[in-house]
Amino acid sequence: MASTIGLLCEKSFLCFLCRDVFTSPVTIPCGHSFCKACLGRYWSKHQSTNCPQCRRVFSTRPDLSVNRILAEVSDDYRTNRPEKPPVSNEVNIGQMIQERQQKIERLKYSLQLLKTSCLREVRESQRVFSTLVNSMEKNHKLVVAAIEERQQEAESKVELLVQELKQEIRALKTQELRKESSKYASQMLRSLSVDNLDQSVLSSSSSASICAADMKDWTKVTMETDPCVAVTRRALSEMMDMLKEEVNRLSKLELKRIQKYTEDRKQVRHTDKLYEVPDNPKRFDRVANILARESFGTGRYYWEVEVGDKVEWHVGVVRQSINRKGKFTVCPANGFWTLSLKPTGQYTANGSPVTPLAVEERPRKMAVFLDYDEGHVSFYCVESGVHMFTFRDSFTDRLHPFFSPGRSHGGRNDTPLIITSSCCSI
């Protein structure tokens with residue numbers, strides 16, 4: 001047994017999850033083995049039943065029975081394995097420490113950028129809202145002044161009408177008094193039997209009577225009781241127009257900031273913000289796909305793309321004449337030679353059919369190698385140098401490097417894809 005073990009490398013006895021020699025190993029239907037405790041913790045933590053190594057998903061959780069043969073061999077290897085020099089371990093630990101220190105510096109730098117951005121946004125909001133408040137106060141004063149002016153006009157109008165009415169009332173009362181006086185005088189004269197009295201005395205009182213046709217028809221005189229609604233509505237309409245102008249200004253400012261952030265044209269990200277952009281035959285209308293400006297019709301080329309901790313992305317090459325509108329399938333037959341990370345954690349080569357990839361080390365930086373003349377598109381993990389997949393085809397159209405950052409996923413996938421090297425000819 002010891003001689004047989006000696007022919008195997010240590011990797012054959014290491015659990016993918018804990019990176020130590022198997023303890024009570026179990027083998028799941030996809031053929032991969034793990035420590036029973038490690039796999040149980042992994043499934044409980046992630047609330048899933050997929051293989052941690054190849055990402056294959058099982059409809060139900062497989063029964064975990066200890067692989068007795070593997071357990072026996074692993075125990076024997078643990079007992080008889082050669083001692084490792086501590087230097088390599090120290091190197092790995094030192095590298096891990098260095099990577100984490102670098103991560104701390106990057107996080108601190110990102111935080112500083114965030115603070116600067118927040119401070120700039122606070123100042124901008126103070127300026128914008130101060131302008132809006134001042135404008136609203138100014139418009140409110142104008143509205144109040146207009147309302148008070150209308151009130152004064154109404155008061156003056158009513159005062160004139162009241163004076164006119166009082167004048168007519170006095171005239172009518174005078175006429176009524178004269179009628180009563182004339183009637184009383186006529187009765188007195190008749191009682192005195194004055195038959196030859198000059199009739200001009202009686203007719204003089206009647207000559208001063210007012211003709212009803214000469215008086216104003218007051219039924220047609222009305223007074224508006226709510227004249228100020230239109231003033232307020234007009235002022236609000238003007239305020240809404242001003243708010244729309246300010247929103248448009250801020251949108252243009254945000255767009256300029258984004259353009260400034262990506263002015264090196266080496267980064268692409270997907271956010272939940274929508275922007276009005278002109279229709280263009282070269283623009284994808286359903287998904288956030290980007291093509292590099294460079295195109296290749298012969299030769300060999302190499303470039304690297306930082307994917308970091310993103311939960312979804314797609315990189316590769318595409319034919320220059322691909323369909324960019326509507327719904328389409330990403331595959332070589334349609335001019336796409338790409339590799340993807342799905343939100344489920346599965347890496348795939350997008351062929352026909354799609355090929356799931358077993359990835360031992362999650363790549364943070366991808367390398368793409370294009371050999372146009374040989375018809376090869378290859379993908380590598382930059383950190384480990386592991387070859388992940390190669391498409392073999394024949395190319396007739398010019399090819400462009402292809403990048404798609406994936407959806408935002410609630411902010412978990414907002415970091416950009418970054419081209420960390422130029423597309424260099426080899």
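Ring geometry for F284 against F402 counts as perpendicular: the plane angle is over 60°, on a 0 to 90° scale with 30° as the lower cut. Using cut-offs of 30° and 60° on the angle between ring planes, the pair W43 and F58 is perpendicular. Aromatic ring orientation, H32 versus F34: tilted (interplanar angle from 30° to 60°).
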Set out, in order, the CA-CA distance, both residues' side-chain angles and the distance that settles side-chain contact (heavy atoms from CB on, under 4.5 Å) for L339 and L357, then state yes or no.
CA-CA 10 Å; L339 189 143; L357 304 177; 3.5 Å; yes
Tell me, with the steps shown, if V221 and L161 meet side-chain contact (heavy atoms from CB on, under 4.5 Å).
CA-CA 9 Å; V221 178; L161 291 174; 3.9 Å; yes
Going through the checks in order, is the ring pair (Phe, Tyr, Trp, His ring centres under 6.0 Å) test met by F13 and Y77?
CA-CA 8 Å; F13 306 98; Y77 176 79; 4.3 Å; yes
Chi angles and distances behind the side-chain contact (heavy atoms from CB on, under 4.5 Å) call for K325, N323:
CA-CA 6 Å; K325 306 297 182 183; N323 176 33; 4.1 Å; yes
Could you walk me through whether E360 and V386 satisfy the side-chain contact (heavy atoms from CB on, under 4.5 Å) test, starting with their C-alpha distance in whole Å, then the side-chain angles of each, then the deciding distance to 0.1 Å, before giving a yes or no?
CA-CA 9 Å; E360 293 187 3; V386 172; over 6 Å; no
Pair F369-Y301, ring pair (Phe, Tyr, Trp, His ring centres under 6.0 Å): steps then yes or no
CA-CA 6 Å; F369 173 67; Y301 302 89; 9.2 Å; no
Check against side-chain hydrogen bond (donor to acceptor under 3.5 Å, both in side chains), E155 and Q151
CA-CA 6 Å; E155 289 176 351; Q151 179 180 334; 3.2 Å; yes
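In this structure a side-chain-to-backbone donor-acceptor pair under 3.5 Å is present from R398 to S295. In this structure, the side chain of D76 does not engage the main chain of E72 through any donor-acceptor pair within 3.5 Å. No side-chain donor-acceptor contact under 3.5 Å links E304 to the backbone of V382. Between the side chain of Q320 and the main chain of H400, no donor-acceptor pair closer than 3.5 Å is present. Although no hydrogens or angles enter the test, the distance criterion places a donor-acceptor pair under 3.5 Å between the side chain of S404 and the main chain of A288. A distance-only check finds a donor-acceptor pair linking the side chain of T174 to the backbone of R170 [under 3.5 Å]. Between the T329 side chain and the C331 main chain, no donor and acceptor come within less than 3.5 Å of each other.
Put simply, the side chain of I69 reaches to within 4.5 Å of the side chain of N67, judged on heavy atoms. Under the 4.5 Å side-chain criterion, counting only non-hydrogen atoms from C-beta, V318 is in contact with L291. Within the 4.5 Å cutoff, no side-chain heavy atoms of R100 are placed close to those of I104. Using a 4.5 Å heavy-atom cutoff, the side chains of W313 and F403 are not in contact. Annotation: side chain of P52 is in contact with side chain of L39 (closest heavy-atom distance under 4.5 Å). Between W337 and L399 there is a side-chain heavy-atom pair separated by less than 4.5 Å. V26 places none of its side-chain heavy atoms less than 4.5 Å from the side chain of L70. Within the 4.5 Å cutoff, no side-chain heavy atoms of D20 are placed close to those of C15.
Atom-to-atom distance recorded for K138:NZ and K141:NZ is 10.5 Å, nearest 0.5 angstrom. Remark: R300 CZ to S378 OG distance equals 11.0 Å, nearest 0.5 Å. The OH atom of Y380 sits 15.5 Å away from the CD atom of E383 when rounded to the nearest 0.5 Å. Residue K365 holds its NZ atom at 6.0 Å from CD of E306, rounded to the nearest 0.5 Å. With values rounded to the nearest 0.5 angstrom, L236 atom CG is found 11.0 Å from R234 atom CZ. Atom CD1 in I28 sits 9.5 Å away from atom OG1 in T49 (nearest 0.5 Å).
Dense packing is recorded around CG of D217, with more than 12 heavy atoms of other residues, nucleotides or ligands lying under 6.0 Å away. Enclosure of atom NE2 in H387 by more than 12 non-hydrogen atoms of other residues, nucleotides or ligands within 6.0 angstrom is indicated.
Listed here is the closest heavy atom pair of V311 and R412: CG1-NH1, 3.8 Å. A pairwise comparison of heavy atoms in D393 and P332 identifies OD2-CB, 3.8 Å as the closest pair. Closest of all the heavy-atom pairs between M366 and V307 is CG-CG1, 4.1 Å. Annotation for R78 and D75: closest pair NH1-OD1, 2.9 Å, computed over non-hydrogen atoms. Shortest non-hydrogen contact noted between A367 and Y302 is CB-OH, 3.4 Å. Considering all non-hydrogen atoms of both residues, F22 and L14 come closest at CZ-O, 3.4 Å.
A salt bridge is defined here as a Lys NZ or Arg NE, NH1 or NH2 lying under 4.0 Å from an Asp or Glu carboxylate O, and K342 with E312 fails to meet this definition. A salt bridge links E124 with R127: the closest approach of a Lys/Arg side-chain nitrogen to an acidic carboxylate oxygen falls below 4.0 angstrom.
For the residue pair T344 / N50, no side-chain donor-acceptor distance below 3.5 Å is found, with atom types taken as modelled. A side-chain N or O of T338 and one of N350 form a donor-acceptor pair less than 3.5 Å apart. Side-chain N/O atoms of Q152 and E148 include no donor and acceptor closer than 3.5 Å.
Residues satisfying the side chain to side chain donor-acceptor pair (under 3.5 Å) test with E164, not counting sequence neighbours, are K216. Under the rule for a side chain to side chain donor-acceptor pair (under 3.5 Å), Q101 has no partner lying at least two apart in sequence or in another chain. Residues passing the side chain to side chain donor-acceptor pair (under 3.5 Å) test with K310, sequence neighbours excluded: N413.
Between F296 and Y372, the distance separating the two ring centers is not shorter than 6.0 angstrom.
A cation-pi geometry, defined here as NZ or CZ lying under 6.0 Å from the six-membered ring centre and within 45° of its normal, holds between R19 and F16.
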